[in-house]
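What follows is a short report on a single structure.
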Amino acid sequence: MEGYDFRAIEAKWQRYWEENKIFKCDKDPSREKFYVLEMFPYPSGALHMGHLRNYAIGDVVARFLRMRGYNVLHPMGWDAFGLPAENAALKSGVHPSDWTWRNINHMRKQLKEMGASYDWDREVATCSPDYYKWTQWLFLLFFKNGLAYKKEAPVNWCPSCKTVLANEQVEGGRCWRCDSLVQKRKLNQWFLKITAYAEELLSSLEELEGWPEKVKVMQRNWIGKSWGVETFFEIEELAMKIPIFTTRIDTIYGATFVALAPEHPLVEDLVKFSPQREKIRAFVEEAMRESEIEREALGREKKGIFTGFYAKNPFSGERVPVWIADYVLMEYGTGAIMGVPAHDQRDFEFAKQYGIPIRVVIKPVDRELPEELEEAYEGDGVMVNSGPWSGLPNREGIERMAEWLKERGLGEKKVNYRLRDWLISRQRYWGAPIPVVYCDNCGVVPVPEEELPVILPLNVNVLEGGASPLPYHDEFLNTKCPKCGGPAKRETDTMDTFICSSWYYLRFTSPWTDRAPFEKEDVDYWMPVDQYIGGVEHAILHLLYSRFFTKFLADQGLIKFREPFKRLLTQGMVIKDGAKMSKSLGNVVDPDEIVKKFGADTARLFILFASPPEKDLEWSDRGVEGCHRFLNRVWRLVSDRIEELRALPNKAIPISEISDRKARDLKRKIHKTIQKVTEDIKDRFHFNTAISALMELSNELIAFEPNDEEALRVFKEGIESLVVMLYPFTPHISEELWQKLGHEETLAYHPWPSPEEDALIEEEINIVVQINGKARGSLKLPAGLSEEKIKELVLQSDMVKKRIEGKKIEKVIVVPGKLVSVVVHD
RNA sequence: GCCGGGAUGGCGGAACUGGGAGACGCAUCGGACUUAAAAUCCGAUGGGCUUUAUGAGCCCGUGCGGGUUCGAUUCCCGCUCCCGGCACCA
């Protein structure tokens with residue numbers, strides 16, 4: 001037999017799979033389904049190692065489960081709208097659409113070349129009109145339900161991307177995509193009311209048992225639920241109530257000031273009445289300008305200005321100064337706070353800065369606070385200096401003071417979330433148009449469903465500086481009002497691309513339908529996604545948005561489940577020389593090169609072998625070579641005896657009928673390997689240890705020298721088990737060897753082997769002997785002995801006798817099948 | 001600062017419910033084959049020591065310090081360092 005010609009073999013089987021549509025799947029209610037999904041890529045140009053890893057992991061799962069008899073849905077598509085297409089257009093003059101489709105074609109080819117087993121009949125691209133028609137349809141559904149709305153608000157503006165961003169897309173004050181500093185601008189924009197689902201998005205995280213704790217914690221923190229009290233401080237001479245939110249109402253006797261956010265609407269009124277209005281106005285303007293850049297500056301000095309007014313503490317009646325402070329955020333709570341310097345570090349710093357009094361009202365139980373505080377005490381304790389409440393444990397105080405307010409109508413308990421509504425307008429061209437028109441008579445009018453899709457015009461010129469051409473595209477811009485028929489203008493903003501990716505997993509269940517975003521019976525059969533696989537960078541963004549969409553669609557009666565992804569695997573990064581692969585570091589390894597040089601099977605095998613999927617993977621050229629060597633050994637192992645092997649019957653010999661000891665040992669190794677590999681893949685996704693078990697089996701097969709027919713038949717069983725179990729990892733070489741062994745059917749649906757129980761039972765057991773807790777050797781004993789017998793044999797053995805001579809046996813511990821521990825003393 | 005995860009040979013990583021730490025792979029060294037090299041194959045490989053020099057035996061060793069246990073990479077207490085996320089959220 002010829003050598004391992006991976007190029008020919010891989011091309012051959014890829015063609016075979018494609019021509020025969022081997023991985024096409026249909027819904028079949030009589031069979032148990034499994035939906036494996038990897039996060040679909042943005043078609044940026046070419047696959048990188050991270051993609052290869054993601055899709056290799058998904059492919060192993062899909063192929064394994066097909067062999068286990070599941071009806072497997074494993075689709076692929078393209079997250080095809082987005083800014084890089086426009087940037088490429090600016091740079092090279094290619095139309096975003098052409099650029100995108102060219103990349104899709106290239107990357108599809110690459111996915112096929114890595115041997116991924118997708119049902120390509122289900123491919124979707126979010127930029128094609130028959131997809132974004134339904135993205136727009138879903139927008140209208142949100143709109144009709146009052147969950148899509150337009151409002152003017154201070155929003156995040158990325159000056160480099162020339163568009164606004166959702167809060168989730170700002171990381172540490174910088175744009176998630178281009179890392180520019182984000183500015184605040186007051187703009188009129190479209191939002192989706194994700195906050196309507198804040199509570200459920202939070203509470204149902206607990207049901208997601210198949211999700212990594214890390215991701216759930218990140219979502220929990222992002223939603224940021226906190227319980228507290230809303231009450232108010234009143235400026236009596238203006239009859240103005242300043243509402244404040246606090247989680248620490250127990251500290252209210254320590255409130256020595258009140259502070260408003262510079263953007264707070266009441267600020268305007270205060271300015272009017274203040275004698276020093278000029279100074280205040282200047283401060284507010286300054287603060288609002290500065291907040292854009294300086295807000296994220298670390299350890300930055302807090303700034304504020306006294307308004308000249310005093311407001312009354314609802315509990316003590318004390319009048320405290322009202323300040324405007326730049327560290328108070330308009331977007332959270334009521335946009336105003338009570339300042340308690342002794343028990344809040346931020347207020348403490350502010351008070352120190354401006355000489356505001358610091359008054360301790362909570363005393364820790366286990367120690368005394370210093371006379372002069374160096375930092376705020378934020379812990380629990382007993383209330384002091386708090387009028388009638390003094391002496392009460394503060395946790396109890398929180399409850400009782402809230403009731404006290406409620407009884408008097410001065411305030412009540414309140415829950416606040418950090419989560420804000422999702423800003424979805426983008427001032428970009430390459431996205432799904434928001435299906436809305438503006439009519440002088442009727443105002444904001446949604447485009448009727450029958451008129452969808454609102455087509456994104458392709459005959460546009462890329463504009464200097466990169467701004468969207470849509471507002472200047474007369475044909476697109478000018479339209480008729482669907483309501484009154486009068487002249488109207490289209491919305492020229494497009495939707496955040498995260499909208500497109502918030503429902504693609506539903507579309508995959510029936511991508512061909514033109515009646516609805518998805519067919520109900522298909523979605524009912526296939527959803528939810530049983531295993532979702534992707535990078536942790538979407539822990540909040542895509543994964544939170546998709547959960548929101550799912551809950552909304554469930555409330556609309558379109559789907560029956562409230563969580564889209566049952567199990568989630570977040571794969572680690574691909575690292576080289578200790579750092580993430582990146583162009584700027586110059587440590588990128590191109591998957592194409594590896595596939596060309598060693599083949600897709602080798603590339604897949606290395607990626608899966610080098611590290612468990614959730615951990616980072618250190619790239620090693622040597623490691624790749626090692627995997628290639630392994631496949632060569634397997635190839636030789638089979639081809640060296642191919643004629644003999646083909647001539648043998650396919651039926652395995654039961655272990656009880658094998659006469660030779662070595663052959664029985666091999667049989668046992670085969671079935672132990674089946675057991676281990678199955679468990680490693682199925683229960684734990686530990687592909688690295690599954691592969692190492694297959695390497696061990698291969699090593700034993702190489703060392704085994706069959707010299708009669710019985711031995712040869714056990715050998716053949718081993719060879720075939722190896723080839724079959726390698727299939728999910730290295731499908732091409734497996735198919736080829738399988739065929740060479742005389743089989744006609746593809747391995748794609750070949751039943752996954754299960755271990756023969758008899759063949760798992762050891763004849764002899766190695767019993768470890770410990771004396772005083774130290775391992776001193778081992779004894780080979782026949783399996784199935786009673787505890788007493790084992791104990792007896794161990795104590796009689798020379799090894800033990802020699803060591804316990806003249807000593808007293810205190811205790812003997814027998815762990816059946818494993819070890820005997822003898823404790824002695826002089 | 002808060003939250004989450006981690007630390008095991010020269011390297012990537014194994015070790016399931018507490019049971020001989022280092023599977024598998026890489027690298028290194030030695031050998032075989034070869035005119036030679038590559039490829040391939042065989043063997044050794046945590047550190048140290050004793051020894052009748054070889055059949056062997058002993059000590060140390062999973063970030064650090066304690067503890068529980070016949071026995072701890074695994075469980076408990078207290079630290080150190082590294083990685084990731086969040087960070088004026090009242």
Side-chain angles (χ1 to χ4, degrees), chain A residues 171-173 212-218 220-222 224-226 228-229 244-249 251 259 261 295-300 302 325-329 331-340 343-347 349-350 375 378 416-420 536-537 539-540 572-573 575 605-606 609-612 614-627 629-630 632-633 636 676 679-680 683-684 686 688-696 698-699 702-703 766-778 810-813 815 817-824:
Chain A
E171 296 171 347
E213 197 53 36
K214 174 172 60 166
V215 174
K216 291 196 274 187
V217 166
M218 282 166 77
R220 226 169 261 142
N221 291 344
W222 185 260
K225 182 177 186 174
S226 55
V229 167
I244 58 114
F245 172 75
T246 177
T247 56
R248 291 296 302 275
I249 191 69
T251 63
R295 188 150 276 179
E296 42 72 65
L298 222 79
R300 143 174 195 266
K302 296 172 173 44
D326 64 355
Y327 74 98
V328 180
L329 304 173
E331 302 97 273
Y332 187 77
T334 60
I337 58 153
M338 64 176 195
V340 186
H343 303 293
D344 182 291
Q345 187 58 28
R346 296 155 300 179
D347 298 344
E349 286 163 21
F350 188 75
E375 57 179 7
E378 297 185 336
N416 251 298
Y417 299 93
R418 208 184 84 116
L419 181 72
R420 316 277 158 72
V536 75
E537 65 273 17
I540 296 172
M573 290 185 297
I575 303 284
L605 191 68
F606 170 72
F609 176 62
S611 173
E614 67 277 7
K615 284 185 55 176
D616 287 350
L617 182 154
E618 173 78 31
W619 185 265
S620 153
D621 290 331
R622 299 290 199 168
V624 177
E625 286 165 27
C627 286
R629 272 200 292 272
F630 167 70
N632 265 304
R633 278 198 296 272
R636 261 198 318 275
K676 168 143 183 74
E679 278 172 12
D680 280 354
D683 304 333
R684 314 198 301 163
H686 279 197
N688 56 332
T689 51
I691 291 166
S692 83
L694 290 170
M695 287 173 168
E696 280 184 57
S698 152
N699 289 343
I702 289 168
N766 199 32
I767 299 284
V768 173
V769 178
Q770 291 187 349
I771 292 167
N772 285 348
K774 301 214 174 203
R776 291 301 179 196
S778 65
E810 197 169 302
K811 193 164 164 188
V812 179
I813 294 144
V815 182
K818 275 191 181 146
L819 119 171
V820 173
S821 183
V822 185
V823 187
V824 295

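The sequence lines fix the lettering, A, B, ..., with proteins before strands; numbering per chain opens at 1. What you see is a predicted model, and the numbers here were worked out from it, not measured in a lab.
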Integer angstrom distance from the [atom1] of [N] to that of [M]:
| N | M | atom1 | result |
| --- | --- | --- | --- |
| B/G13 | B/C58 | C1' | 30 Å |
| B/C49 | B/A53 | C1' | 15 Å |
| B/U74 | B/G6 | C1' | 15 Å |
| B/U73 | B/A87 | C1' | 35 Å |
| B/A15 | B/A72 | C1' | 13 Å |
| B/C16 | B/A90 | C1' | 47 Å |
| B/C24 | B/A36 | C1' | 34 Å |
| B/U68 | B/U28 | P | 47 Å |

Check every strand shown and say whether A/Ser226 touches a base, only sugar-phosphate, or nothing at a heavy-atom separation below 4.0 Å.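 Touches sugar-phosphate only.
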
Quick one: label A/Arg220 by what it contacts on the DNA or RNA (base, sugar-phosphate, nothing), any heavy atom closer than 4.0 Å.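 Touches nothing.
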
Give the minimum heavy-atom separation between A/Glu618 and A/Phe606, together with the two atoms involved.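 Nearest pair, atom of A/Glu618 first, then A/Phe606: O-CZ, 4.0 Å.
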
Taking all heavy atoms of A/Tyr332 and all of A/Tyr417, pick out the closest pair and write down the distance.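 A/Tyr332 and A/Tyr417 have their closest heavy atoms at CE1-O, 3.7 Å.
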
Pairwise distance [atom1]([X]) to [atom2]([Y]) - rounded to 0.5 angstrom:
| X | Y | atom1 | atom2 | value |
| --- | --- | --- | --- | --- |
| A/Glu537 | A/Met573 | CD | CE | 9.5 Å |
| A/Arg248 | A/Ser226 | CZ | OG | 13.0 Å |
| A/Leu329 | A/Thr334 | CG | OG1 | 11.0 Å |
| A/Ile540 | A/Asn221 | CD1 | CG | 8.0 Å |
| A/Met338 | A/Asp347 | CE | CG | 8.5 Å |
| A/Ile767 | A/Leu819 | CD1 | CG | 8.0 Å |

Just how far, in rounded Å, is [atom2] of [N] from [atom1] of [X]?
| X | N | atom1 | atom2 | value |
| --- | --- | --- | --- | --- |
| A/Asp616 | B/C82 | CG | P | 17 Å |
| A/Glu331 | B/A90 | CD | C1' | 13 Å |
| A/Ile575 | B/G13 | CD1 | P | 10 Å |
| A/Asp680 | B/G13 | CG | P | 17 Å |
| A/Ile702 | B/G43 | CD1 | C1' | 16 Å |
| A/Lys774 | B/A72 | NZ | C1' | 14 Å |
| A/Tyr417 | B/A90 | OH | P | 13 Å |
| A/Phe630 | B/A39 | CZ | C1' | 19 Å |

Salt bridge A/Glu614-A/Arg684, side-chain N to carboxylate O under 4.0 Å: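 Salt bridge between A/Glu614 and A/Arg684, a charged N being under 4.0 Å from a carboxylate O: no.
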
Could I get the full list of ring-ring contact (aromatic ring centres under 6.0 Å, His included) partners for A/Phe350, not counting sequence neighbours?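 Partners of A/Phe350 by the ring-ring contact (aromatic ring centres under 6.0 Å, His included) criterion, ordered by chain and then number, come out as A/Phe257, A/Trp323, A/Tyr327, A/Tyr354.
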
Verify side chain to side chain contact (heavy atoms under 4.5 Å, CB included) between A/Phe609 and A/Leu694, making sure each step is shown before the conclusion. CA-CA 11 Å; A/Phe609 176 62; A/Leu694 290 170; over 6 Å; no

A/Ala610 or A/Arg684: which one's nearest nucleotide on RNA chain B is closer to the 5' end?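 So the residue in question is A/Ala610.
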
Which range-with-range stems can be found for RNA chain B when each stem has 3 or more Watson-Crick or G-U pairs in a row and both distances sit under 3.5 Å?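 The stems are B:1-7 with B:80-86, B:10-12 with B:24-26, B:28-32 with B:40-44, B:46-50 with B:56-60, B:63-67 with B:75-79.
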
Could you check if the base of B/G30 is syn or anti? Syn means the glycosidic torsion is within 90 degrees of 0.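 Classified anti.
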
Let me see the working for A/Arg636 and A/Ile702 under side chain to side chain contact (heavy atoms under 4.5 Å, CB included), right down to the final yes or no. CA-CA 9 Å; A/Arg636 261 198 318 275; A/Ile702 289 168; over 6 Å; no

Please list, chain by chain and in numerical order, all residues satisfying salt bridge (Lys or Arg N to Asp or Glu O under 4.0 Å) with A/Glu349, sequence neighbours excluded.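 A/Glu349: salt bridge (Lys or Arg N to Asp or Glu O under 4.0 Å) contacts with A/Lys302.
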
Name the closest nucleotide to the A/Phe245 side chain, picking from B/A90, B/C70, B/C88.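 Side chain of A/Phe245 sits closest to B/A90.
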
Let me see the working for A/Asn772 and A/Val824 under side chain to side chain contact (heavy atoms under 4.5 Å, CB included), right down to the final yes or no. CA-CA 6 Å; A/Asn772 285 348; A/Val824 295; 3.8 Å; yes

Just the table, please: protein N/O against nucleotides 3-7 of chain B N/O, every pair under 3.5 Å.
none

For nucleotides 18-25 of chain B, tabulate all protein N/O to nucleotide N/O atom pairs closer than 3.5 Å, reporting atom names and distance.
unit_1: B/G19; atom_1: N2; unit_2: A/Gln770; atom_2: OE1; d: 2.6
unit_1: B/G20; atom_1: O6; unit_2: A/Asn766; atom_2: ND2; d: 2.5
unit_1: B/G20; atom_1: O6; unit_2: A/Ser778; atom_2: OG; d: 2.8
unit_1: B/G20; atom_1: N1; unit_2: A/Ser778; atom_2: OG; d: 3.4
unit_1: B/A23; atom_1: O2'; unit_2: A/Glu696; atom_2: OE2; d: 2.9
unit_1: B/G25; atom_1: OP1; unit_2: A/Asn699; atom_2: ND2; d: 3.3

I'd like to know whether A/Lys214 forms a side chain to side chain contact (heavy atoms under 4.5 Å, CB included) with A/Val536, so could you lay out the CA-CA distance, the side-chain angles of the two residues, the decisive distance to 0.1 Å, and finally the verdict. CA-CA 9 Å; A/Lys214 174 172 60 166; A/Val536 75; 4.0 Å; yes

Review item, nucleotides 66-68 of chain B N/O atoms under 3.5 Å of protein N/O:
none

